[in-house]
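Reviewing the structure listed below.
On a predicted model such as this, the values are computed, not experimentally measured, just so you know.
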Amino acid sequence: MEITDILAGNSASITSSLRKVLYPLLGLYVLSATPAYAQQPYRQADEGTDMGLFSPVDKPNTPVGVAKGIHPGRVAWAYDPKAAAWDGKTGLYSDPDNNSQTRVNDMMEGAIIALTNQSSIAPAWDELFKALNAKKGKGDTGYKKGEKIAIKINLNDNGGTNIIDATPQSVLALIHQLVDIMGVPQECITVYDAQRRGISAVYNYVEPIYPGVSYQNWGGFVPNAVEYSQEITNELSKSIARAAYEADYMINMALLKRHSQPTDKWKDSAGQTGITATGKNQFGSLANCSALHYSIRDWSNARGMGTYNSIVDLMSNKYFGGNTLVYIVDGMYVNPKHNGKAVKFTRAPFNDGWTSSFFASNDQVAIESVVLDFINSELPLAANADNFLHEAAMIGNPPSKTNYVGKDQVSLGVHEHWNNPDDRQYSRNLGSGYGIELFRVPLDSNRGAIESFYADRLAVDDNGKITLAWNTSNGETVLLNGKPVEKSGKMTLPVKNTTRFDLQVKNGDSVVAAQPIVVRKFKKVKNYPAKAASLQGTFSADKEGWIALSGERTKERNAATWKISAPATGDYFLCATYKGSDPVPAIIYINGKKVTENFGFLATTGNKTGKFYFPIHLEKGESTLELEIQGRRSNRLQGISILTEVK
């Protein structure tokens, strides 16, 4: 690090010990715990340096901090190797034929129940609601109709490719429990990642069944909702998504994800920190998270163990850690890097398979510690990866001696490393301490299940037909909309109006597995080919009339504009027909008014085309519709259509 960097304020990474040495040499004085130079992160200070490799400074089974939760320190782990059934090659990992929805439902249910004193899912959720409300001083009160729930998921890569983001089946399982079991009104739920716009895989799969839920509409940002203990002065980093600010309950649903692949020549694209689980997941609730990056590089030569980490401030914040109903980690597929594709784990019980797991806890430090141990057992982590966990576990008197904003909470949870990566025993498992308990959720391997149930498309235009396909196991009878069918099969049929198909697996009179699909029926109002659009920026048309961005940089807006018309004022659907492997979401404007920032696409393979449907409202007569795509690349677009739904 150059002296000129420090004088220019180009580093927020100087530890207190370095300040004591350097400041006198520079003729400066330490006036406060938050020095004037500590502004935004500057990646140049770490450019080209060695990230090192993680090796815990604490011995196994030596917990620090105070365990939290109904069962203190408990982290529930549900594993079912048949839930994640993707072959790693065909389609997208998120496709419905690559995952068993009912097995995901069972894992989610088992993990939630395991956190409570209950034996069934409805009382379990009720106990969780009451526990959080008691913590917030609201007494022994469960969920009340009308209260808002924010579900923060991880969509770091816009959720439309084989780079691992939130699994649609996981999101559906959670919303199913909240809506169908707990009676939460759909309009009271927001699913979001405010640092990204894309949500196409989740939206395509979940929205037809739960159309009243708000997807990626987080309502803008509320300023001054986060106070940082030091370093972070960027005003946008203090602003959080309105959905989080107004929520009565937060559900933090993260991924089993390594953030950085360690390298001895770091650059920004390598990632910033060790893991991205529930702590860093809340970066996606901020209006700006890049200003925090420097503060989480615990591997940096200028930081290390016993230094400030801004994740701790988020964990202690009243809108995040203070309002979280449950911490969930979607471990269906492990992401080996912030923008990585799924990798398999070699150790038992995975045995060179997908992790196909869920983790849940009411102790945010404990679940982070477990995630870190699981990832570190298979993938090397950058040095000092657990620094933020030591800080959080002892926030009242942390190793860094930082005067954290949340210091009065004394401890945010318990941190500990397991005894070894094969036995995976923590101190409560061993009966040797008051740290973490890794609780393996019991799942009957012979239970009835729907291994897959899907339609070849979830919407049809005019006189189209669909093909339903299903595969079940361990059931005596299988019913499709109440009528007996084979245990595995296919069926092609016309769709006359929007229809819900319910597949049930029964043993005797008991339904042991059930899954719905909703297929929408549309009638075309008018098609608008891409070649008829007025193009701006780097949009250009090929010889077939498809349009896409050229890949070049431009200061202009990339927009395609059509004049469209509606026969009457009312609700319609906008459909885009596309293909390609760059599913960057579009922004839609109608008559200059922004309608959505997440008009999404999925990646397609081969010569297949895809369609994306989104509800819009149109006034009678002519309107101007703009489709804007930011960046340099996009899928190829054949055209758009205006449709009405046939209910």
Side-chain angles (χ1 to χ4, degrees), residues 150-153 155-160 165-166 168 171 175 186-187 189-221 241-244 284-285 287 458-459 520 522 525 528 530 533 536-537 539 547 549 557-564 566 569-578 582-603 610-619 623-631 634-635 637 639-645:
I151 302 174
K152 172 60 182 70
I153 61 175
L155 294 169
N156 189 60
D157 292 283
N158 287 306
D165 283 325
V171 178
I175 294 177
Q186 292 185 40
E187 61 271 18
I189 300 173
T190 299
V191 180
Y192 76 98
D193 183 338
Q195 275 294 309
R196 296 294 182 265
R197 291 186 289 108
I199 193 173
S200 51
V202 169
Y203 183 89
N204 281 7
Y205 185 75
V206 183
E207 189 272 343
I209 301 172
Y210 299 105
V213 170
S214 178
Y215 301 90
Q216 276 298 68
N217 183 11
W218 57 83
F221 295 93
R242 184 169 295 277
S285 288
L458 292 177
R520 284 193 170 113
F522 291 117
V525 175
Y528 298 89
Q536 293 176 257
F539 261 121
I547 63 172
L549 300 188
R557 291 176 68 239
N558 299 318
T561 304
W562 293 265
K563 294 293 185 181
I564 63 172
T569 298
D571 295 327
Y572 296 84
F573 275 79
L574 173 64
C575 171
T577 303
Y578 65 90
D582 291 302
V584 179
I587 304 171
I588 301 295
Y589 301 86
I590 297 177
N591 295 329
K593 182 179 179 180
K594 185 186 295 183
V595 174
T596 180
E597 293 187 351
N598 44 74
F599 187 80
F601 306 99
L602 296 175
K611 290 189 176 184
F612 184 79
Y613 302 87
F614 194 87
I616 60 174
H617 182 84
L618 295 175
E619 299 295 323
S623 296
T624 299
L625 187 147
E626 288 182 283
L627 183 150
E628 178 187 358
I629 297 181
Q630 299 175 347
S634 70
N635 276 354
L637 185 64
I640 62 171
S641 303
I642 304 300
L643 313 168
T644 55
E645 185 175 6

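- For Lys563, the salt bridge (Lys or Arg N to Asp or Glu O under 4.0 Å) test picks out no residue, with sequence neighbours left out.
- Applying the salt bridge (Lys or Arg N to Asp or Glu O under 4.0 Å) test to Glu187 and every residue at least two apart in sequence or in another chain returns nothing.
- Evaluation of the side-chain hydrogen bond (donor to acceptor under 3.5 Å, both in side chains) rule for Gln630 yields no partner, not counting sequence neighbours.
- Residues forming a ring pair (Phe, Tyr, Trp, His ring centres under 6.0 Å) with Tyr205 (at least two apart in sequence, or on another chain): none.
- Residues that satisfy the side-chain hydrogen bond (donor to acceptor under 3.5 Å, both in side chains) test with Thr561, not counting sequence neighbours, are absent from this structure.
- Checked by atom type and distance alone, the side chain of Ser623 never pairs as donor or acceptor with a backbone atom of Ile590 at under 3.5 Å.
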*Carefully, step by step, assess Leu627 and Ile588 under the rule side-chain contact (heavy atoms from CB on, under 4.5 Å).*
CA-CA 5 Å; Leu627 183 150; Ile588 301 295; 3.9 Å; yes

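- At least one donor-acceptor pair under 3.5 Å links the side chain of Asn635 to the backbone N or O of Leu602.
- Expressed to the nearest 0.5 Å, how far CD of Gln536 lies from CZ of Arg557 amounts to 5.5 Å.
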*side-chain contact (heavy atoms from CB on, under 4.5 Å) assessment of Val525 paired with Ile564*: CA-CA 10 Å; Val525 175; Ile564 63 172; over 6 Å; no

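- For the pair Asn558 (side chain) and Gly537 (backbone), a donor-acceptor distance under 3.5 Å is absent.
- Every residue meeting the side-chain contact (heavy atoms from CB on, under 4.5 Å) condition with Ala560, not counting sequence neighbours, appears here in chain and number order: Ala533, Leu535, Phe539, Ile547, Trp562.
- Remark: Ser641 engages Asn527, Cys575, Leu643 in a side-chain contact (heavy atoms from CB on, under 4.5 Å) (not counting sequence neighbours).
- The side-chain hydrogen bond (donor to acceptor under 3.5 Å, both in side chains) contacts involving residues 209-220 comprise Asp180-Tyr210, where partners must be two or more places apart or lie in separate chains.
- Ring geometry, Tyr203 versus Phe612: the interplanar angle falls from 30° to 60°, so the pair is classed tilted.
- A pairwise comparison of heavy atoms in Ala566 and Glu619 identifies CB-O, 3.6 Å as the closest pair.
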*Worked verdict on Val584 versus Leu549 for side-chain contact (heavy atoms from CB on, under 4.5 Å)*: CA-CA 11 Å; Val584 179; Leu549 300 188; over 6 Å; no

*Show your reasoning for whether side-chain contact (heavy atoms from CB on, under 4.5 Å) applies to Asn598 and Phe614.*
CA-CA 10 Å; Asn598 44 74; Phe614 194 87; 4.2 Å; yes

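- Closest non-hydrogen pair, Pro168 versus Ala201, comes out as CG-O, 3.6 Å.
- In this structure Asn156 satisfies the side-chain contact (heavy atoms from CB on, under 4.5 Å) test together with Asn154, Asp165, Arg196, Lys257, His338, sequence neighbours excluded.
- Under the rule for a salt bridge (Lys or Arg N to Asp or Glu O under 4.0 Å), the partners of Arg242 that lie at least two apart in sequence or sit in another chain are Glu246.
- Taking each heavy atom of Leu155 and Gly198 in turn, the nearest pair found is CD1-O, 3.3 Å.
- One distance of note links NZ of Lys611 with CZ of Phe522; it measures 10.5 Å at 0.5 Å rounding.
- For Glu597, the side-chain hydrogen bond (donor to acceptor under 3.5 Å, both in side chains) partners two or more places apart in sequence, or in a different chain, are Lys594.
- Minimum interatomic distance between Gly160 and Pro583 (heavy atoms only, all atoms of both residues): O-CG, 3.7 Å.
- Looking at every heavy atom in both residues, Val191 comes nearest to Ile199 through O-CD1, 4.2 Å.
- Looking only at distances, no side-chain donor or acceptor of Asp571 sits under 3.5 Å from a matching main-chain atom of His617.
- Side chain of Asp193 to backbone of Gln195: a donor-acceptor contact under 3.5 angstrom is found.
- The aromatic rings of Phe601 and Tyr578 sit perpendicular to each other, their planes meeting at more than 60°, with 30° as the lower class boundary.
- Once rounded to the nearest 0.5 Å, the distance linking CD of Glu626 with CG of Asn591 reads 9.5 Å.
- Listed by chain and residue number, nothing satisfies the ring pair (Phe, Tyr, Trp, His ring centres under 6.0 Å) test with Tyr192 (two or more places apart in sequence, or in another chain).
- Leu574 places a side-chain heavy atom less than 4.5 Å from the side chain of Ile640.
- Using a 4.5 Å cut-off on side-chain heavy atoms (C-beta onward), Phe573 and Pro615 make contact.
- Contact record, Arg520 with Pro211: NH2-CB, 4.0 Å, taken as the closest heavy-atom pair.
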